[in-house]
**Q** 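My structure is below; once you've seen it, I'll send some questions.
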Number of protein chains: 2
Amino acid sequence: MARKPTSKETARKPNMREAILAAAEDLFATNGFNAVSVRDIAHAAGANPGSVTYHFKTKDGLLLEIYRRHCGPMNLRRSELLAAARRVRDLQDRLEAIVRAYVVPAFTSGSDLAGGGARFTRLRAVMSAEGNEVARKIIAQTFDDTSHAFIDAIHDSLPHIPRTDIVWRSHFLLGALYYSLVTPERVSRLSRGEADGSDAANAIEQMVQATVAAFQAPALDQAVPARRPTVASNKT
Amino acid sequence: MARKPTSKETARKPNMREAILAAAEDLFATNGFNAVSVRDIAHAAGANPGSVTYHFKTKDGLLLEIYRRHCGPMNLRRSELLAAARRVRDLQDRLEAIVRAYVVPAFTSGSDLAGGGARFTRLRAVMSAEGNEVARKIIAQTFDDTSHAFIDAIHDSLPHIPRTDIVWRSHFLLGALYYSLVTPERVSRLSRGEADGSDAANAIEQMVQATVAAFQAPALDQAVPARRPTVASNKT
DNA sequence: ATGCTATTTGTACCATCGTACAAAAGAACA
DNA sequence: TGTTCTTTTGTACGATGGTACAAATAGCAT
């Protein structure tokens with residue numbers, strides 16, 4: 001929207017646009033989309049409500065811009081890490097590297113801000129829970145490619161597991177990831193203070209460790225001899 | 001609120017109160033708390049907006065009543081299943097039984113309605129993501145006991161794993177559970193139609209299989225020789 | 001300084017929200 | 001049938017929501 005980047009433009013004084021984006025990201029990620037008003041965002045950013053309309057036209061537009069801002073860098077970083085992980089020779093190590101390549105960028109942003117990755121991932125978690133339309137569209141068309149790439153990579157390192165099972169398990173991984181960012185205090189509470197749910201480094205290690213084992217679990221078909229009544233479908 | 005249960009009371013004709021509860025549960029679980037208006041709920045239930053106020057006083061009161069309705073039966077069923085699971089001799093089988101005791105009631109209600117358990121669990125997932133205050137309070141004081149019971153039971157069957165690790169892994173399980181109920185279509189999409197994310201029986205088996213393996217993963221301490229910079233804290 | 005453009009402010013409109021409340025309708029029992 | 005209590009309806013009020021828009025302001029090139 002700006003025309004004259006005469007060496008400042010991005011580094012204007014307090015840069016309202018960025019402040020609004022950051023405030024919105026924070027509020028949306030914490031309280032959900034509908035619970036936060038444009039006025040709340042403006043107030044948190046030290047801006048005027050009208051300013052939000054000026055920069056992003058609508059509230060949806062603001063959310064859209066947040067996604068645009070993060071999706072590219074995050075997927076890029078994931079792709080890089082995935083490519084590196086695929087080059088690991090040992091299959092066990094490779095699997096761990098792949099999982100790490102998936103998890104790490106979700107906790108720590110690959111581009112600008114410090115905890116930006118975690119904040120944005122939490123935002124995605126919340127939007128997904130709320131069934132937000134804007135988010136749903138972007139997510140499907142932006143992350144599915146990356147998700148498939150990861151699933152394929154994992155499948156390559158675990159050829160004896162049906163792809164369907166890997167899809168389920170990677171789905172569980174994303175759920176665990178989301179939930180860890182949404183309710184970290186629950187971990188602290190249930191561990192009676194022995195663990196800090198907000199400690200990203202620790203969360204990552206725990207998640208990688210558990211997830212690698214989950215992926216390595218035997219496939220479903222050969223594991224459950226006879227029990228459930230309705231399945232009958234999934235196979236490979 | 002009713003005074004004369006002359007053998008009907010609960011089984012009145014279309015029972016508005018129940019219809020409102022069901023509609024609210026459904027809408028909240030799908031769209032979140034703030035996105036749904038009292039008028040939406042009334043409309044979906046075929047009731048009058050004022051009727052909601054009459055029965056539940058406030059919108060928060062309505063949510064509260066939904067929780068009250070489900071928490072008891074669900075925890076009861078979980079306790080029963082957990083008690084049965086603890087009696088399993090073989091440690092491997094016992095662990096699986098415990099996980100199943102945790103997962104199954106979340107997908108299928110223990111009391112009345114068919115998919116009620118899944119619907120309520122999804123509702124909890126969404127409320128947790130939105131940071132809903134009413135839900136947060138009830139959850140902590142209603143589910144933490146059960147959660148501790150499960151964690152202890154799992155710890156008993158895996159004595160060599162530090163309790164902290166088990167807390168993390170059970171947290172991941174709940175995240176996976178929530179996410180599977182919130183976005184089942186993602187599983188169908190990523191598996192290119194080979195799996196049905198909405199198939200509860202299949203989801204349960206996949207989740208149990210993966211989670212048991214995750215719990216059985218080696219403890220973190222002995223697994224990560226030297227890597228991260230900040231941890232230093234958790235130990236047992 | 002002067003004009004030009006990008007931004008910020010202030011305000012106002014209209015829709016919708018949660019909730020209150022009086023009136024109507026129904027149900028149960030004398 | 002009339003009385004009483006419960007439930008449902010209809011409507012209204014005040015607050016807050018998203019968004020539009022004119023006026024004010026600030027930066028920059030000339």
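Order of the sequence lines sets the chain letters (A, B, ...), proteins ahead of strands, with each chain counted from 1.
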**Q** Measure up the Y67(A) and F120(A) rings against each other and bin them: parallel (under 30°), tilted (30 to 60°), perpendicular (over 60°).
**A**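 Perpendicular, since the angle between the ring planes exceeds 60°.
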**Q** When the nearest nucleotide of DNA chain D is assigned to G50(A) and to A35(A) on a heavy-atom basis, which residue is associated with the more 5' position?
**A** A35(A)
**Q** Indicate the ring-plane relationship of W168(A) and H171(A), choosing parallel, tilted or perpendicular according to the 30° and 60° boundaries.
**A** perpendicular
**Q** Among dG18(C), dT8(C), dG18(D), which nucleotide has an atom closest to any side-chain atom of V38(B)?
**A**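 Of the options given, the side chain of V38(B) lies nearest dG18(C).
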**Q** May I ask you to verify if any side-chain N or O of N48(A) is less than 4.0 angstrom from the OP1 or OP2 atom of dG10(C)?
**A** yes
**Q** Between dT8(D) and Y54(B), is there an OP1 or OP2 to side-chain N/O distance shorter than 4.0 Å?
**A**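 For dT8(D), OP1/OP2 do not have a side-chain N/O of Y54(B) under 4.0 Å.
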**Q** Which nucleotide wins on minimum distance to the side chain of K57(B), given the candidates dT9(C), dA20(C), dT8(D)?
**A**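 Nearest to the side chain of K57(B) among the choices is dA20(C).
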**Q** Using a cut-off of less than 4.0 Å, is there contact between a side-chain N or O of H55(B) and OP1 or OP2 of dT8(D)?
**A** yes
**Q** Out of dT8(C), dT19(D), dT19(C), which has the shortest distance to the side chain of R39(B)?
**A**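 From the listed options, dT19(C) comes nearest.
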**Q** With respect to the phosphate group of dG17(D), does any side-chain polar atom (N or O) of S37(A) fall under 4.0 Å of OP1 or OP2?
**A** yes
**Q** Please determine whether a side-chain nitrogen of the Lys or Arg among R77(A) and E80(A) lies less than 4.0 Å from a carboxylate oxygen of the Asp or Glu.
**A** no
**Q** Less than 4.0 angstrom from a charged side-chain N to a carboxylate O is my criterion; do E65(A) and R68(A) meet it?
**A** yes
